[in-house]
Number of protein chains: 2
Amino acid sequence: MVRTAEDSVGSTGVAAARPSLLYVVKQVELAARSHMDEVLKPAGITALQYTALTVLRRRDGLSSAQLARNSFVTAQSMADMITALERRGLITRRRDPENRRAMLISLTDEGRELLAAHDAAMDALEERMLSGLTARQRRDLESYLNRCRTALSDVPPH
Amino acid sequence: MVRTAEDSVGSTGVAAARPSLLYVVKQVELAARSHMDEVLKPAGITALQYTALTVLRRRDGLSSAQLARNSFVTAQSMADMITALERRGLITRRRDPENRRAMLISLTDEGRELLAAHDAAMDALEERMLSGLTARQRRDLESYLNRCRTALSDVPPH
DNA sequence: CGTAATTATCAGGAAACCTGTTGGTCGCAG
DNA sequence: CTGCGACCAACAGGTTTCCTGATAATTACG
């Protein structure tokens with residue numbers, strides 16, 4: 001893991017690296033995920049599963065469908081991950097008393113401990129990613145990215 | 001596709017959305033990929049395959065291994081995609097005359113046409129993503145992201 | 001020369017995606 | 001209150017993307 005992007009982008013100062021920003025975002029996410037997977041491998045979970053768990057830590061009691069929308073995947077895809085996490089004992093599900101078709105998802109103690117055990121490593125990874133930026137630039141980056149996310153999320157046609 | 005992130009992040013102005021920037025990058029990439037998949041679906045290729053093709057357009061004659069490093073995946077993973085793209089007639093491979101173990105990959109005319117047919121849509125998508133940013137902010141964003149990518153790519157310990 | 005590194009490739013499998021379908025539940029308009 | 005549409009979960013079945021592990025050919029180097 002942590003494949004070093006030797007032949008990486010940039011370098012070739014040549015003509016218009018076409019989908020520049022779209023591409024750079026992907027590269028950063030790819031690199032970050034690669035590192036995350038390496039950190040999380042001993043724990044036996046993937047970066048995607050870890051992310052889902054962090055969402056649950058912040059917002060307990062979501063349904064699988066809500067989680068899916070939050071992650072831009074279909075409910076079926078999310079269901080695959082949910083069953084994997086439930087089988088591992090990291091989450092539990094219960095019927096929503098106020099909406100009997102929904103299943104509310106919560107972290108188990110084990111899930112919470114697993115997250116806590118990796119907080120430091122994730123903070124370090126984020127710090128490494130941002131190491132070339134000033135505090136001001138970090139705030140700007142976050143702001144810009146949030147605007148990008150919003151622009152892509154707003155319902156277009158339909 | 002194009003799942004709207006209703007219950008999205010932000011909103012809850014509460015305490016520290018922990019892995020903030022790591023998470024936002026993922027969200028943006030996820031949203032962008034979702035839109036890309038929708039645009040590319042009629043052409044029968046995934047966002048990942050499209051990205052690999054754009055890399056080849058920019059840098060013809062890469063080997064599968066180089067392409068893999070560029071994408072932070074293993075050579076085996078990349079080989080899967082390569083065979084899929086070759087089977088579809090979008091790329092061709094030939095032995096490197098100067099290194100007889102390597103296979104050099106190039107786009108076919110069909111592959112080039114497929115890319116060209118989607119340039120406009122991809123430009124539009126990027127424009128939409130950046131619609132909330134000024135030209136100056138776009139340049140800054142690109143600069144910051146490139147610094148992030150570099151910071152994550154540089155070989156750490158070993 | 002012989003060992004290590006690189007490239008491709010095969011086998012096998014897990015995870016993450018998808019479409020399509022079904023059944024239960026809820027909201028609401030008729 | 002009945003029926004229709006929206007929503008949620010789940011099952012079946014499939015593809016793509018990724019992985020580990022192993023093998024073979026080629027190249028680089030001590």
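All chains are named by letter (A, B, ...) in the order of the sequence lines, taking the proteins before the strands, and each is independently numbered beginning at 1.
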Quiz item: Using a cut-off of 4.0 Å on non-hydrogen atoms, how would the nucleic acid contact of Asp96(B) be classed: base, sugar-phosphate, or nothing?
Solution: nothing

Quiz prompt | Rounded distance in Å - CZ (Arg69(B)) to C1' (dT6(C)) | solution = 8 Å

Quiz item: Within this structure, what is the CZ-to-P distance between Arg33(A) and dC19(D), rounded to whole angstrom?
Solution: 8 Å

Quiz item: Should the pair Tyr50(A) and His118(A) be assigned to parallel (<30°), tilted (30 to 60°) or perpendicular (>60°) ring geometry?
Solution: perpendicular

Quiz prompt | Any Thr46(A) side-chain nitrogen or oxygen under 4.0 Å from OP1 or OP2 of dA15(C) | solution = no

Self-check item: Touch class at under 4.0 angstrom, heavy-atom based, for Ser77(A) against every strand present
Solution: base

Exercise. Starting from C1' on dA24(D), measure out to CE on Met103(B) and report it in whole angstrom.
Key: 15 Å

Practice problem: Report which part of the nucleic acid Ala79(A) touches: base, sugar-phosphate, or nothing (heavy-atom distance under 4.0 Å, all strands). | Solution: nothing

Self-check item: Nearest-neighbour nucleotide for the Ser63(A) side chain, dC18(C), dC26(C), dA9(D) considered
Solution: dA9(D)

Quiz item: Counting only side-chain N and O atoms of Thr74(B), is one of them less than 4.0 Å from OP1 or OP2 of dC18(D)?
Solution: no

Quiz item: Do Asn99(A) and Leu104(A) come within less than 4.5 Å of each other through their side chains, counting heavy atoms only?
Solution: no

Quiz item: Does Asn70(A) reach the side chain of Gln27(B), with side-chain heavy atoms less than 4.5 Å apart?
Solution: yes

Exercise. Tell whether Arg101(B) reaches the base of dT26(D) with its side chain through a donor-acceptor pair below 3.5 angstrom.
Key: yes

Exercise. Check every atom of dT25(C), dA9(D), dC19(D) against the side chain of Ser64(A) and return the nucleotide holding the closest atom.
Key: dA9(D)

Quiz item: Would Met103(B) and Leu67(B) show up in the same hydrophobic cluster when neighbours are defined by side-chain heavy atoms closer than 4.5 Å?
Solution: no

Quiz prompt | Leu48(B) side chain, from C-beta outward: closest of dT17(D), dC19(D), dT25(C) | solution = dT17(D)

Self-check item: Side-chain N,O (Arg100(B)) to OP1/OP2 (dA24(D)) below 4.0 Å
Solution: no

Quiz item: Given that Ala75(B) and Gln76(A) both sit by DNA chain C, which one's nearest nucleotide is further toward the 5' end?
Solution: Ala75(B)

Quiz item: Quick one: the side chain of Asn99(A) and the base of dC26(C), do they pair up donor-acceptor inside 3.5 Å?
Solution: no

Quiz prompt | Side-chain N,O (Lys41(B)) to OP1/OP2 (dT16(D)) below 4.0 Å | solution = no

Exercise. Pick base, sugar-phosphate or nothing for Arg93(B), based on heavy-atom distances below 4.0 Å to the nucleic acid.
Key: sugar-phosphate

Quiz item: When you match Met81(A) and Ala102(B) each to their closest nucleotide on DNA chain C, which lands nearer the 5' end?
Solution: Ala102(B)

